[in-house]
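Structure first, commentary second.
Predicted model, so just to flag it, every value in this text is computed and none were measured. If you read the sequence from its start, that first residue is 1, and numbering goes on from there.
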Amino acid sequence: MNETVTQLREHLKAVAPYPKGCVGFDGKATMNGTAFFPGGDGLWKPQPGDEPEFPFGGTLVLGSDFGDVAWYDAQLESENPWRQEIDGPTWRGLSNLFALAGIARGEAFYTNAWPVLREGDEPVKGGIPGEQDRDFTARCIAFFKKTLEIMKPALIIPLGVAPTRFVGMAAGNAWANASTWKDIDAMPLASAFGAKIVPVVHPSMPNRRHRVAAKTLAEEASFLKRCGASTRTSA
């Protein structure tokens with residue numbers, strides 16, 4: 001496992017205890033392939049056996065939470081989690097967006113705002129269970145800031161309204177109170193933590209009808225292009 005990812009896992013212990021409806025990754029195996037942190041290493045691994053470098057100074061892609069326990073356990077038991085993940089809707093959408101924006105998938109670290117699983121087989125849709133607990137969210141924000149301190153990304157891409165709201169809480173800007181894309185699009189693109197912040201619709205979503213400023217994948221990609229493709233720097 002990448003040394004920096006191992007370091008982040010140690011810091012992750014500080015987000016406990018977990019609120020009702022959430023389960024931590026303590027003692028759980030890591031998905032053997034490309035997967036968002038903390039269920040995976042958060043690094044792009046297009047082939048089995050890949051051990052990519054950590055993308056210091058690159059792009060941080062921020063999801064909400066990882067998934068539910070039943071789905072996660074099934075992935076651990078799968079004979080070929082690589083293709084299931086890379087061919088899934090989230091990674092397909094990200095690949096298309098990054099291709100249009102000129103961002104290399106290997107130059108990003110993929111992580112979650114609330115780095116937990118949902119209990120049981122709760123479908124990953126609707127509200128985020130961990131978001132409802134303010135103390136827990138505050139601990140997740142502290143972990144997020146530790147991640148930023150270590151990675152020093154040039155670009156932060158929140159995937160959806162909830163992760164954008166989370167970044168707003170961390171940065172102390174108006175996005176903290178956003179509840180819709182209309183709210184987000186009414187505010188100018190922000191910079192914080194030494195990085196540009198460009199929210200996008202979650203890549204698994206079929207369309208962008210709720211957006212005001214970016215109705216198509218190409219328009220979202222143009223936002224990313226204007227911020228400039230991130231360049232990895234040495235640690």
Side-chain angles (χ1 to χ4, degrees), residues 14-15 19 22 36-37 42 57-66 90 93-94 97-98 100-101 103 108-116 124-205 207-230:
V15 305
C22 297
F36 276 57
F37 184 88
T59 297
L60 187 147
V61 179
L62 188 70
S64 55
D65 51 0
F66 191 83
T90 296
L94 275 176
L97 178 65
F98 280 14
L100 289 172
I103 298 174
F109 178 61
Y110 306 86
T111 188
N112 285 287
W114 294 273
V116 292
V124 182
K125 60 183 179 181
I128 312 300
E131 185 179 15
Q132 307 311 310
D133 188 305
R134 292 185 179 182
D135 291 340
F136 176 66
T137 294
R139 294 194 295 275
C140 291
I141 288 173
F143 174 72
F144 175 63
K145 289 181 177 179
K146 176 59 68 173
T147 302
L148 296 174
E149 178 185 318
I150 292 171
M151 182 183 173
K152 296 180 174 60
L155 178 63
I156 299 171
I157 306 176
L159 305 181
V161 173
T164 302
R165 185 164 54 241
F166 179 90
V167 172
M169 288 186 285
N173 68 29
W175 282 341
N177 299 313
S179 59
T180 66
W181 274 111
K182 183 177 180 180
D183 295 337
I184 293 169
D185 287 336
M187 304 170 194
L189 291 178
S191 295
F193 314 110
K196 298 285 184 65
I197 305 170
V198 184
V200 301
V201 172
H202 194 283
S204 67
M205 299 297 289
N207 60 55
R208 288 155 177 78
R209 66 183 184 278
H210 299 299
R211 291 216 69 172
V212 176
K215 291 288 190 181
T216 67
L217 183 75
E219 288 176 349
E220 285 193 330
S222 73
F223 279 147
L224 297 176
K225 275 187 175 181
R226 288 205 295 272
C227 288
S230 58

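Across Phe193 and Lys145, no two heavy atoms sit closer than the pair CE2-CE, 4.3 Å. In terms of heavy-atom proximity, Ile184 sits nearest to Pro199 at CG2-CG, 4.1 Å. Across Val15 and Cys140, no two heavy atoms sit closer than the pair CG1-CA, 4.3 Å. When all heavy atoms of Gly130 and Thr137 are compared, the pair lying nearest together is O-OG1, 3.2 Å. The nearest pair of heavy atoms linking Ala171 to Ala192 is CB-CB, 3.8 Å.
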Would you please test Val61 and Phe36 for side-chain contact (heavy atoms from CB on, under 4.5 Å) and show each step?
CA-CA 9 Å; Val61 179; Phe36 276 57; 4.2 Å; yes
Apply side-chain contact (heavy atoms from CB on, under 4.5 Å) to residues Asn177 and Asp183 and explain how you reach the verdict.
CA-CA 8 Å; Asn177 299 313; Asp183 295 337; over 6 Å; no
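Atom CG in Leu189 sits 9.5 Å away from atom CG in Leu224 (nearest 0.5 Å). Note that CZ of Phe144 and CE of Met151 are 10.0 Å apart. Values are rounded to the nearest 0.5 Å. One finds the CZ atom of Phe143 at 14.0 Å from the CH2 atom of Trp114 (value rounded to the nearest 0.5 Å). Interatomic distance, Phe136 CZ to Cys22 SG, rounded to the nearest 0.5 Å: 5.5 Å.
Checking side-chain atoms of Asp133 against main-chain N and O of Asp135 turns up a donor-acceptor pair under 3.5 Å. The closest donor-acceptor contact from the side chain of Arg208 to the backbone of Lys215 lies at 3.5 Å or more, if one exists at all. A donor-acceptor pair under 3.5 Å is formed between the side chain of Lys152 and the backbone N or O of Glu149. Between the side chain of Thr59 and the backbone N or O of Pro153, no donor-acceptor pair lies under 3.5 Å.
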Give the table of side-chain donor-acceptor pairs shorter than 3.5 Å for residues 160-170, with sequence neighbours excluded, one pair per line with atom names and distance.
{"unit_1": "Thr164", "atom_1": "OG1", "unit_2": "Gly160", "atom_2": "O", "d": "2.7"}
{"unit_1": "Arg165", "atom_1": "NE", "unit_2": "Glu131", "atom_2": "OE2", "d": "2.7"}
{"unit_1": "Arg165", "atom_1": "NH1", "unit_2": "Ala178", "atom_2": "O", "d": "2.7"}
{"unit_1": "Arg165", "atom_1": "NH2", "unit_2": "Glu131", "atom_2": "OE1", "d": "3.2"}
{"unit_1": "Arg165", "atom_1": "NH2", "unit_2": "Glu131", "atom_2": "OE2", "d": "3.0"}

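For CE of Met205, the number of neighbouring non-hydrogen atoms (other residues, nucleotides, ligands) closer than 6.0 Å is 12 at most.
In this structure Phe37 satisfies the ring pair (Phe, Tyr, Trp, His ring centres under 6.0 Å) test together with Phe109, sequence neighbours excluded.
Looking at Arg211 and Glu219, no side-chain N of the basic residue comes within less than 4.0 Å of a carboxylate O on the acidic one, giving no salt bridge.
Judged as a side-chain hydrogen bond (donor to acceptor under 3.5 Å, both in side chains), the pairs with a partner in residues 192-203 (not counting sequence neighbours) are, in order, His202-Ser204.
Side-chain contact check for Leu97 versus Glu220: some heavy-atom pair is nearer than 4.5 Å. Counting heavy atoms from C-beta on, the side chains of Pro129 and Asp65 come closer than 4.5 Å. Residues Ile157 and Leu62 are not in side-chain contact: their nearest non-hydrogen atoms beyond the backbone lie 4.5 Å or more apart.
Paired with Leu155 under the rule side chain to side chain contact (heavy atoms under 4.5 Å, CB included), one option of Ile103, Ile197, Leu60 passes, and it is Ile103.
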